Chemist: 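One structure follows; several queries about it will come next.
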There are 2 protein chains.
Amino acid sequence: MSLDHAILGFLQYGPRSGYDLKALFDLSVQHFWPADQSQIYRTLARLTEQGYVAMDRVEQEERPDRKDYRLTDAGREALHEWLAAPPPAKPGRSAALVQVFFAGQLGDEEILAIFRRAADTCRAGLAGLQAIPDRCTPYVAQVDDPRETFCWMLTLECGIHMTQAHLAWLESVIARLERGELPIAKEATCTR
Amino acid sequence: MSLDHAILGFLQYGPRSGYDLKALFDLSVQHFWPADQSQIYRTLARLTEQGYVAMDRVEQEERPDRKDYRLTDAGREALHEWLAAPPPAKPGRSAALVQVFFAGQLGDEEILAIFRRAADTCRAGLAGLQAIPDRCTPYVAQVDDPRETFCWMLTLECGIHMTQAHLAWLESVIARLERGELPIAKEATCTR
DNA sequence: TCATAATATAGGACGTGTCATATACATGAC
DNA sequence: GTCATGTATATGACACGTCCTATATTATGA
């Protein structure tokens, strides 16, 4: 249910169209809450039904008409309520760790390859995160509120911090594997 | 598609029923890939259709009949292929970070409360992770393969490492907030 | 001129996960 | 004696997200 709140969150800065919102997601929160375009439009429609947002059709001559959505009082209230409430606490899923868990089957080189690849992905992700501030300076200037900016930067900081920690762990595993610390599998086949 | 592979992964240690599998998930991989009971049964049914697993009905007198599933050659092959392939790389979602991103709206104490609560959740999670080795020693003894155990422990290590890093970040944020480093919001209302 | 990118919205189909609920039998606790 | 708990499987309904495709219009550049 968190796409709802992210949308409400963006709308508190002023009216936005579905298109605007998609751009905002891609620009700012995509690294911890990516949003699908069609999902945004559908959610917007539902949020309107529920009375959390209201829509104004804006006729444009140069471009297709846009629908601007704005927060209603009910929406603002719902957002505030959710922001102040305990976090949903959904356990994250990591397919990469599932791979590691069952990697014992693989050969030494294959296991090393998994971790080397993971480290590369991680480094690429880190680079992506570090590029975010530049990309969103215009938006920061637009809203121009040090308190908001502080909170936004915290999420970035968290992402970078976590990615660095992950990378450090991956590198420590790679080092151990390269030192030959990976045990050899037992010969015997286990049935139960 | 990763529940499929986790199930195939467990089945490589020997035949298991849906009930067994649910217990295994809860015991070992639930912190990075939780599995729903009904989802396990449905996946098992599909995997059978697809020919990756085969089912043997075991009649029991004391208890309801069980269906034991075992890996077919096709299943073993599919598993190996997936294990050795590049990781799916699905971006993780964090509702907690969405909260932080839009927390600028809240009062100082509310924001502090969010982080304190997050830190508590984190500490509880850490305690949960550290309790895993004890819970699964019987299973470790059952399979008794140092290579497998090594990989399993790596996933745990990753979880603990990441959780500690997260906690450290949360505590650094809390310290900054307590030092009063949270900027005050602008008075002016921003519309666009 | 012709293609393509950008602006703007919408809907179908599907995969995956979640929740609730149902059935059936056994054992041990109170 | 019954009530909860553990073993064991199954299904319906639904929420949420993803992918793909369709539709218009305008601006840009090759």
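All chains are named by letter (A, B, ...) in the order of the sequence lines, taking the proteins before the strands, and each is independently numbered beginning at 1. Side chains included, hydrogens not; waters and symmetry mates left out as well; all remaining heavy atoms used. Predicted model only: the values in this text are computed from it and were never measured.
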Chemist: Nearest of dT9(D), dT18(C), dA8(C) to any side-chain atom of Tyr41(B)?
Modeler: dT9(D)
Chemist: Send over the distance from Asp4(B) CG to dT16(C) C1', rounded to a whole Å.
Modeler: 10 Å
Chemist: Remember a base hit wins even if backbone is also touched, and classify Ser38(B) as base, sugar-phosphate or nothing at under 4.0 Å, heavy atoms.
Modeler: base
Chemist: Quick one, Phe10(A) and Val29(A) - any side-chain contact, counting heavy atoms below 4.5 Å?
Modeler: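 The answer is yes; the side chains approach within 4.5 Å.
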Chemist: Any idea how Tyr13(A) and Trp152(A) line up, ring-wise: parallel (<30°), tilted (30 to 60°), or perpendicular (>60°)?
Modeler: perpendicular
Chemist: Name the closest nucleotide to the Tyr19(A) side chain, picking from dA6(C), dG17(D), dT18(C).
Modeler: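 Side chain of Tyr19(A) sits closest to dA6(C).
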Chemist: For the side chain of Thr155(A) and the backbone of Leu97(B), is there at least one donor-acceptor N/O pair under 3.5 Å apart?
Modeler: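 Side chain of Thr155(A) to backbone of Leu97(B): no pair is present.
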Chemist: If we ignore hydrogens and angles and just use 3.5 Å, is the side chain of Arg147(B) paired with the main-chain N or O of Leu106(A) as donor and acceptor?
Modeler: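 Yes; at least one donor-acceptor contact below 3.5 Å.
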Chemist: Phe25(B) has an atom CZ; how far is it from atom P of dT18(C), in whole Å?
Modeler: 12 Å
Chemist: Please give me every residue in residues 46-53 of chain B whose heavy atoms get under 4.0 Å of an atom in DNA chain D, ordered by residue number.
Modeler: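 Going residue by residue through residues 46-53 of chain B, none turns out to have a heavy atom under 4.0 Å of DNA chain D.
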Chemist: Among dA10(C), dC16(D), dA8(C), which nucleotide has an atom closest to any side-chain atom of Lys67(A)?
Modeler: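 Looking only at side-chain atoms, Lys67(A) lies closest to dA10(C).
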Chemist: Is Gln130(B) atom CD crowded by more than 12 heavy atoms from other residues, nucleotides or ligands, each under 6.0 Å away?
Modeler: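 It does: Gln130(B) CD has more than 12 such atoms within range.
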Chemist: With hydrogens left out and only the distance checked, is there a donor-acceptor pair under 3.5 Å joining Arg93(B)'s side chain and the base of dG17(D)?
Modeler: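 Looking at the base of dG17(D), it does not pair with any donor or acceptor on the side chain of Arg93(B) (distance under 3.5 Å).
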Chemist: Tell me which one of Arg123(A), Arg116(A), Arg117(A) satisfies salt bridge (Lys or Arg N to Asp or Glu O under 4.0 Å) with Asp120(A).
Modeler: Arg123(A)
Chemist: Which of the following nucleotides, dT9(C), dT18(C), dG17(D), is nearest to the side chain of Asp36(B)?
Modeler: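 Nearest nucleotide to the side chain: dT18(C).
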Chemist: Side chain of Ser17(A) only, heavy atoms from C-beta on: which candidate in dA8(D), dT9(C), dG17(C) is closest?
Modeler: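 Among the listed nucleotides, the one closest to the side chain of Ser17(A) is dT9(C).
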Chemist: Between Gly18(B) and Gln39(A), name the one whose nearest nucleotide on DNA chain D is closer to the 5' end.
Modeler: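 Mapping each residue to its closest nucleotide by heavy atoms, the 5'-most match is Gly18(B).
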Chemist: Can you tell me if Trp33(B) touches the phosphate of dG17(C), counting only side-chain N or O atoms and a distance under 4.0 Å to OP1 or OP2?
Modeler: yes
Chemist: Whole angstrom is fine here: how far is it from CZ in Arg16(B) over to C1' in dT7(D)?
Modeler: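 About 16 Å, once rounded to whole Å.
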Chemist: Which of the following nucleotides, dA20(C), dT9(C), dT18(C), is nearest to the side chain of Gln37(B)?
Modeler: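 It is dA20(C).
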Chemist: Using atom CG of Leu44(B) as one end and atom P of dT16(C) as the other, report the distance to the nearest whole Å.
Modeler: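 It works out to 15 Å between those atoms.
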Chemist: Just to verify, what does Arg176(A) make a side-chain contact (heavy atoms from CB on, under 4.5 Å) with, not counting sequence neighbours?
Modeler: Trp169(A), Ser172(A), Val173(A), Arg179(A), Glu181(A), Leu154(B), Glu157(B)
Chemist: Whole Å only: how far is the CE atom of Met55(A) from the C1' atom of dA8(C)?
Modeler: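 It is 13 Å, rounded to the nearest whole Å.
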Chemist: Provide, to the nearest angstrom, the distance between the NE2 atom belonging to His5(A) and the P atom belonging to dG17(D).
Modeler: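 Going from His5(A) (NE2) to dG17(D) (P), I get 11 Å.
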Chemist: Is it the case that the base of dT25(D) and the side chain of Arg66(A) share a donor-acceptor contact (distance under 3.5 Å, atom types as modelled)?
Modeler: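 No pair found.
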Chemist: Expressed as a whole number of angstroms, how long is the span from Leu21(B):CG to dT7(D):P?
Modeler: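 Result: 15 Å.
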Chemist: Applying side-chain contact (heavy atoms from CB on, under 4.5 Å), run through Ile114(A) and Gln99(A) and close with a yes or a no.
Modeler: CA-CA 8 Å; Ile114(A) 286 181; Gln99(A) 271 194 337; 4.1 Å; yes
Chemist: Could you check how far NZ of Lys90(A) sits from C1' of dT16(C), rounded to whole Å?
Modeler: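 Distance check: Lys90(A) NZ to dT16(C) C1' gives 11 Å.
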